[in-house]
Amino acid sequence: MEATAPPMPRPTGSDRGELPITTTAPLKRERRWSVVALCIVLAVVCALTAAWAVSSASDRTKVLAVARDVPAGQVLTSADITVAEVSADAALSPLPAADKTSVVGRRAAVDLRKGGLLLASQLAPGTGLGDDQEQVGVQIKRGMAPSGTLAAGDKVKAVTTPAQGDELPKSGGTAPESIEATVVSVSRPDASGTVVVNLAVGADEGPSLAVRAALGRVALVREPRSS
């Protein structure tokens, strides 16, 4: 028979090795402090962001901007200009929004592009259309001028129309009285299609045209633009 090894005696008392004791308490405390630190950082970032937003909002100002493309030489209308809010910048000098009324009617000295800020240097002095001439506002009813084709700078004839009861001029006969003029601006049509056309005329012709306009006896004939 084979001999069997005797069993090893189990350690007792002080002969038993001490087992290591593990705990997760330090790890929990470490995680807790990490969360607290992260919260503090987020709070600081939020505070700085809010302060920056408030500061930026207080530094913004309303200025004039170009609402649509305007070629050089064209008179600005209210539809060409809009109001925008931008941050105050010493390097920029756009016209303030309060100047919109005084800008309407001015002539663009350069091509203006939609979305750009409007600068004083981009405007020519005066309108450039009849600034040295007399100007008359004429109310034109629908059918008394080419529909939708009149624009600033157009050459027109302000033709005197017959009064009620007058005979119409015969074809080939004496031409009706007319005054040569230049269109300065055209308003938007009202509900009835009536527009107000500002015309620049020669010296001493303003009063005559104004009387005819007051009587509603003016029709406009646009001259060829190629001439």
Asker: Between Lys155 and Glu180, is there a side-chain N and carboxylate O pair less than 4.0 Å apart?
Answerer: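 Salt bridge: no.
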Asker: Pick from Leu199, Val138, Thr182: which one makes a side chain to side chain contact (heavy atoms under 4.5 Å, CB included) with Val156?
Answerer: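 Single pass found, and it is Leu199.
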Asker: Under a 4.5 Å side-chain heavy-atom rule over Ile, Leu, Val, Met, Phe, Trp and Tyr, are Leu64 and Val110 clustered together?
Answerer: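 In one cluster: yes.
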Asker: When you measure from the side chain of Glu134 to the backbone N and O of Asp204, does any donor-acceptor pair fall under 3.5 Å?
Answerer: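 Side chain of Glu134 to backbone of Asp204: a pair is present.
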Asker: Determine, using the 4.5 Å side-chain heavy-atom cutoff (strictly less than), whether Leu150 and Val196 are members of one ILVMFWY cluster.
Answerer: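 Not linked; separate clusters.
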Asker: Please name the pair of heavy atoms, one in Gln133 and one in Ala200, separated by the smallest distance, quoted to 0.1 Å.
Answerer: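 Between these two residues, the closest heavy atoms are OE1-CB, 3.6 Å.
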Asker: Side-chain contact test, heavy atoms from C-beta onward, threshold under 4.5 Å: evaluate it for Val159 versus Val218 and give yes or no.
Answerer: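 When only atoms from C-beta onward are counted, Val218 and Val159 do not touch, as no gap falls below 4.5 Å.
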Asker: In terms of side-chain heavy atoms, does Asp80 have a donor or acceptor partner in Thr77 at a distance below 3.5 Å?
Answerer: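 Side chains of Asp80 and Thr77: pair found under 3.5 Å.
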Asker: Report yes if the side chains of Asp111 and Asp69 come closer than 4.5 Å at any heavy-atom pair, otherwise no.
Answerer: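 Side-chain contact under 4.5 Å: no.
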Asker: Test of understanding: clusters of I, L, V, M, F, W, Y form through side-chain heavy atoms closer than 4.5 Å, transitively. Do Val184 and Val104 belong to the same one?
Answerer: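 The answer is no; the residues belong to distinct hydrophobic clusters.
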Asker: For Gly193, does its backbone N or O pair with a side-chain atom of Asp190 as donor and acceptor, under 3.5 Å?
Answerer: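 Yes; at least one donor-acceptor contact below 3.5 Å.
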Asker: How far does CG of Leu117 sit from CD of Gln122, to the nearest 0.5 angstrom?
Answerer: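 So the CG of Leu117 and the CD of Gln122 are separated by 8.5 Å.
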Asker: Taking all heavy atoms of Ala108 and all of Pro71, pick out the closest pair and write down the distance.
Answerer: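 Reported closest heavy-atom pair: CB-O, 3.9 Å.
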Asker: Any idea which heavy atoms bring Asp154 and Arg222 closest together, and the distance?
Answerer: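 So the two residues come closest at OD2-CD, 3.7 Å.
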Asker: Short question: side chain of Thr161, backbone of Ala219 - any donor-acceptor pair under 3.5 Å?
Answerer: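 No.
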Asker: Can you name the closest pair of heavy atoms from Gly137 and Asn198 and give their distance?
Answerer: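 Answer, listing the atom of Gly137 first, then Asn198: CA-OD1, 3.5 Å.
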Asker: Do Val201 and Val195 share a hydrophobic cluster, counting only Ile, Leu, Val, Met, Phe, Trp and Tyr and linking them when any side-chain heavy atoms are less than 4.5 Å apart?
Answerer: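 Linked within one cluster.
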Asker: Is any side-chain heavy atom of Leu119 closer than 4.5 Å to a side-chain heavy atom of Leu95?
Answerer: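 A side-chain contact under 4.5 Å is absent here.
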Asker: If you measure only the distance, is there a donor-acceptor pair under 3.5 Å linking the side chains of Thr160 and Arg212?
Answerer: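 Short answer, yes.
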Asker: Counting only pairs under 3.5 Å, give me each side-chain donor-acceptor contact of residues 139-147, with atom names and distances, residues two or more places apart or in other chains.
Answerer:
none

Asker: Say whether Leu112 and Val83 are linked into one hydrophobic cluster, either directly or through other cluster members, by side-chain heavy-atom distances under 4.5 angstrom.
Answerer: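 Linked, Leu112 and Val83 end up in one cluster.
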Asker: Measuring from Lys100:NZ to Lys62:NZ, what's the distance to the nearest 0.5 Å?
Answerer: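 So the gap between those two atoms works out to 11.5 Å.
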Asker: Can you find a heavy atom in the side chain of Ile179 that is under 4.5 Å from one in the side chain of Ser208?
Answerer: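 Touching, per the 4.5 Å side-chain cut-off.
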Asker: Quick one: OG on Ser78 to CZ on Arg188, what's the gap to the nearest 0.5 Å?
Answerer: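 Nearest 0.5 Å value for the OG-CZ distance: 7.5 Å.
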